[in-house]
Amino acid sequence: MCTSIIYTAGDSYFGRNLDLEISFGQEVVVTPRNYPFSFRKMPSLDHHYAITGMALVEDGYPLYFDGANEEGLGMAGLNFDGPCRYFPEDPAKDNVTPFEFIPYILGQCKNVTEARKLLSNLNLVKIDFSAKLHLSPLHWLIADKSGEAIVVESTAEGLNVYDNPVGVLTNNPEFPKQLLNLSNYQSISPAYPENTLIPEVKLNTYSRGFGSRFLPGGMDSESRFVKEVFTKAHAPKGKSEIENITNYFHNLHAVEQQKGLDQVAPGQFEYTIYSDGINLTTGTFYYSTYGNNQINAVKLEKDRLDQTELLQYPLQSEQAINFQN
């Protein structure tokens, strides 16, 4: 399970929590403009926008979990098991495999408007990367530096593209149902609630935070969706990059999963393997891991974006403690 957001505070920040029970050896990968992207059913992209994100590099090919391009368009794939459907090749459509989907969009589109045009004739085809690496059932959050966001879901009905007014995505159910579920929590507030139960009686109180008393706090995707929408909607906006990226990570950490709380199999627990975010204006990529919750950063080196070789940065996963004495 996962959570992805677009957070705007001066600049816009895009990224996600990756929640799984196993790690795949992912790392920060910058794909420069002249790396040749080959696609199974579409013409290759020999020149494209540079992409920075979290990826598994397999046989020299970056399999992106999430990322953003140099123009400020971000995209993340999240688990969508159950409703997800991929299809056979359709000669009347642009056939793209799900593992190619992120570079296909980020390589060619500057913003959500341009992404919508590519999506209008897209068919996500059921073709595995290899005999060892099978497709994952996913849906995607796409957002740009203006803050506009959409959700893409491939279901039995076909490819659905939804406006995302809250800038949050988790997992099941389908996105329209997630939005509808928010109406159950519309009275939640950071403010202390007014006594409308029995206004003529002064009620004793025993705690702060009563406005959010019924905010869900489970590890399930509906609970995380509601909690993250509430958290992000009321998040402060800082006056500096450090303040804003710190606030951004606090948004993600509000719905992170700790080890031992979400059992998926005997002896196996899902947890937040990493949290990441990219400044969609500067291209600086930030991340923390479960083992190292210090914020690490990879700057976008624009003088290296015209080469053909991938730039790879292994994750710093060992805790970094600042000793003061």
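Residue numbers start at 1 and run along the sequence shown.
Among the candidates L169, N164, D163, the single residue satisfying the side-chain contact (heavy atoms from CB on, under 4.5 Å) test with I150 is D163. Partner of R224 under the side-chain contact (heavy atoms from CB on, under 4.5 Å) criterion, out of N17, V255, V168: V255 alone.
Checked by atom type, the side-chain pair E241/Y13 shows a donor-acceptor distance below 3.5 Å. E100 and T97 share a side-chain donor-acceptor pair at under 3.5 Å. When only modelled atom types and interatomic distance are considered, S38 and Y61 share no side-chain donor-acceptor pair under 3.5 Å. Residues T289 and N292 bring no donor and acceptor atom of their side chains to less than 3.5 Å of each other. N111 and S146 form no side-chain donor-acceptor contact under 3.5 Å, judged by distance and modelled atom types alone. Q257 and D19 are linked by a side-chain donor-acceptor pair at a separation below 3.5 angstrom, with hydrogens and angles left out of the test. Under the 3.5 Å distance criterion, with hydrogens and angles disregarded, no donor-acceptor pair is assigned to the side chains of E228 and N251.
Ring centers of F39 and Y104: under 6.0 Å apart, within the cut-off. Aromatic rings of F37 and H48 (six-membered ring for Trp) have centroids within the 6.0 Å cut-off, being under it. When ring centroids are compared, F214 and F210 stay outside the 6.0 Å threshold.
Remark: R40 qualifies as a cation-pi partner of F129 under the 6.0 Å distance and 45° angle criteria applied to the six-membered ring. In this structure, K259 forms a cation-pi arrangement with Y271, its terminal cationic atom sitting closer than 6.0 Å to the ring centre and no more than 45° off the ring axis.
Between R116 and E148 a salt bridge is recorded (basic side-chain N to carboxylate O distance below 4.0 Å).
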